[in-house]
Amino acid sequence: MSDFLRAWWGSSPHRDLLSGLVVAFAMIPEAIAFSGIAGVDPRVGLFGAFLLSVTLAVVGGRTAMITSATGSTALLMTGLVQQGNAFADGLGLQYLLAAGILTGLLQIAWGYLRLAHQMRFVPQPVMAGFVNALAILIVLAQLPQLGLAWFHPGQLVVTPSQLPAVWGLMLLTLAIIYLLPRLTKAVPSALVAILISTGLSIRLGLEIPTVASLGTLPAGLPRLGLPQVPFNLETLGVILPTALAISLVGLMETFLSQDILDDLTDSTSSKNAEARGQGLGNIVSSLFGGMAGCALVGQSVMNVGYGARTRLSTLTSGVALLTMILLASRWVNQIPMATLVGLMVMIAINTANWGSLHGIRRIPKSDTAVMVLTVVVSVLTHNLAVGLLSGVALAGILFSRKVAKVIEVSSELIDPNHRLYRVQGQLFFVSSIYFRQGFELHERPARVTIDMAGAHIWDQSGVTALDQVIRRLKLGGSTVEVLHLNRESTDLFDRIGMAKEAGGRGGSIASAH
């Protein structure tokens, strides 16, 4: 019971209540803006923010973390929504909800399969590229709202006559967000920017796109229902790529947020439990008409910064968000989209890993290449999951090349008829070429000894490389002896090796390529 009360109530419940309320104000415009990125009505993002917050407050693995609709997941939904709407008007949302359910199921599976342990092998340059690509994609998604057709031809939503007002409000929003904290931090500067710019737009009667242009806000509580799509393999083929991408990218951002909060609060939390909680939250959200999401880095840090430590703050943020929407929907409808664009630009600036750019001259070139590839592939494909996998693949290749060069073959002529080779390092598919190059195969001493005391054979390529060296030496007339293979290498060679000198089973040896 004491653990339950500590997780929900803590020592300062008033801080969690107030922090959750402040975070709710910040979540409203973001959920609406992310809905616009995904191409659905604002209510979809708002319902998602409410349902994810409430669900994760109960089943999440990390207390005081804020989960909602996010830019990283919304960017992955755009293509699916467009594809569905091309089939039939309104079908894009139904495909999105179906993908959200599948995303949840995948994340629950990842949790039980302990995917979090595998995420530890994602290198820092890939993580830096991931957040930098996310920042760029968030900015690019705002361009149509600013009258720019780059990357989004045919999607402009403002007319030339509206551009001065749109750009003016956007710049005003950014100015307030960044300058107000120099005067006071008593209230969130983003909230003040929304109030001032919306009031100015109403006062001046500006004819510019507003939240109402995106669609209708919710007028009641979300309702339970299944997505109206055929439950067959064809539908699965449509939604699976998006669901898989969202499940991986969502967990990546969630685990990143979790690490940051663990450091800030000097505590530990279960990533696998959080993965299962995220999955359940996305299923609940999709069944009630909300979009899938993940943890929000900025809002989670904001929540903890205001003193939140328990699940009460997460619950408060969701309940307060829906309450304000239901009571103030008329006012929220009048928020200019230019204001939300300014807010999204601020989020992009805060999301980017500026340290990775400032130190680009100091970090190894291989790390820079991994980060750049992750960014470029993510931006060109508009898919963070593809960029993430590309970065991990390149990092693995570059690391393998570095490890390959640590193998060393030295030789010593014991007498005119006896040469001794000593092998130090790891013998596997990448290092095998350097291993073979270390032997003088054209020399023909009567006796050759290969001392493997300082080496380890890891795979079939390593076994084949040793087999090939022994075969070439024997063809030259030498008697070959292999010494000091460790137990693991001997067991591997016993299973798949050929040369009896190293413990193989005998027979023909594959020729070198």
Side-chain angles (χ1 to χ4, degrees), residues 118 120-126 363-370 373 391-513:
Q118 310 308 318
R120 294 177 300 175
F121 299 107
V122 177
Q124 178 59 33
V126 177
I363 63 176
K365 293 181 179 179
S366 58
D367 288 353
T368 300
V370 170
L373 179 71
V392 170
L394 179 59
I397 293 172
L398 294 176
F399 175 75
S400 296
R401 290 184 60 188
K402 292 178 181 178
V403 172
K405 296 178 182 180
V406 302
I407 196 165
E408 180 181 352
V409 180
S410 59
S411 68
E412 176 186 354
L413 191 62
I414 305 299
D415 58 54
N417 295 316
H418 183 197
R419 180 168 291 278
L420 171 65
Y421 290 95
R422 292 186 178 91
V423 183
Q424 298 281 337
Q426 312 303 312
L427 181 53
F428 64 115
F429 70 99
V430 177
S431 64
S432 60
I433 184 172
Y434 298 99
F435 171 78
R436 288 194 295 264
Q437 290 174 352
F439 290 86
E440 180 53 66
L441 299 177
H442 298 291
E443 186 183 40
R444 303 177 186 276
R447 180 184 173 194
V448 174
T449 301
I450 302 175
D451 186 354
M452 300 286 290
H456 186 99
I457 303 176
W458 286 100
D459 60 9
Q460 184 178 5
S461 297
V463 171
T464 301
L466 181 55
D467 263 336
Q468 291 170 353
V469 166
I470 294 172
R471 182 182 69 88
R472 293 285 300 276
L473 290 171
K474 290 174 67 177
L475 286 176
S478 300
T479 300
V480 181
E481 181 183 17
V482 178
L483 302 177
H484 305 133
L485 267 178
N486 61 36
R487 181 175 179 178
E488 293 81 1
S489 300
T490 301
D491 290 344
L492 181 61
F493 213 100
D494 179 62
R495 293 198 306 271
I496 61 177
M498 293 295 179
K500 292 183 178 180
E501 292 79 1
R505 62 185 186 277
S508 59
I509 302 172
S511 61
H513 296 289

Going by heavy atoms in the side chains, are [X] and [Y] under 4.5 Å from each other?
| X | Y | value |
| --- | --- | --- |
| Arg436 | Val469 | yes |
| Phe493 | Asp467 | yes |
| Val448 | Phe439 | no |
| Leu485 | Ile457 | yes |
| Val423 | Leu466 | no |

* Parallel, tilted or perpendicular: which fits the ring planes of His456 and Trp458, with parallel below 30° and perpendicular above 60°? ->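 Aromatic pair His456/Trp458 classed tilted.
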* To do: Give a yes or no on this: more than 12 heavy atoms of other residues, nucleotides or ligands lie within 6.0 Å of atom CD of Glu481.
  =>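 Yes, the 6.0 Å shell around CD holds more than 12 heavy atoms from other groups.
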* Is the number of heavy atoms from other residues, nucleotides or ligands under 6.0 Å of Leu413 CG greater than 12? ->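 Buried by this count: over 12 neighbours within 6.0 Å.
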* To do: Calculate, to the nearest 0.5 Å, the distance between atoms CE and CD belonging to Met498 and Gln468 respectively.
  =>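 These two atoms lie 12.0 Å from each other.
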* To do: Starting from the C-alpha separation in whole Å, work towards a yes-or-no answer on side-chain contact (heavy atoms from CB on, under 4.5 Å) for Ile414 and Arg447.
  => CA-CA 10 Å; Ile414 305 299; Arg447 180 184 173 194; over 6 Å; no
* To do: Please name all residues satisfying side-chain hydrogen bond (donor to acceptor under 3.5 Å, both in side chains) with Thr368, sequence neighbours left out, ordered by chain then number.
  =>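 Listed in chain order: nothing, the list is empty.
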* Asked: Which residue, Arg419, Arg422, His418, forms the side-chain hydrogen bond (donor to acceptor under 3.5 Å, both in side chains) with Glu412?
  ->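 Testing each of Arg419, Arg422, His418 against Glu412, the sole residue satisfying side-chain hydrogen bond (donor to acceptor under 3.5 Å, both in side chains) is Arg422.
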* Val409 backbone acceptor or donor facing Tyr434 side chain under 3.5 Å ->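 Pair absent, no side-chain N/O of Tyr434 close to backbone of Val409.
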* To do: Examine distances only and state if a side-chain atom of Ser478 and a backbone atom of Pro445 form a donor-acceptor pair shorter than 3.5 Å.
  =>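 Yes; at least one donor-acceptor contact below 3.5 Å.
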* Candidate list Val480, Val482, Leu483, test side chain to side chain contact (heavy atoms under 4.5 Å, CB included), partner Thr449, passing option ->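 When side chain to side chain contact (heavy atoms under 4.5 Å, CB included) is applied between Thr449 and each of Val480, Val482, Leu483, only Leu483 qualifies.
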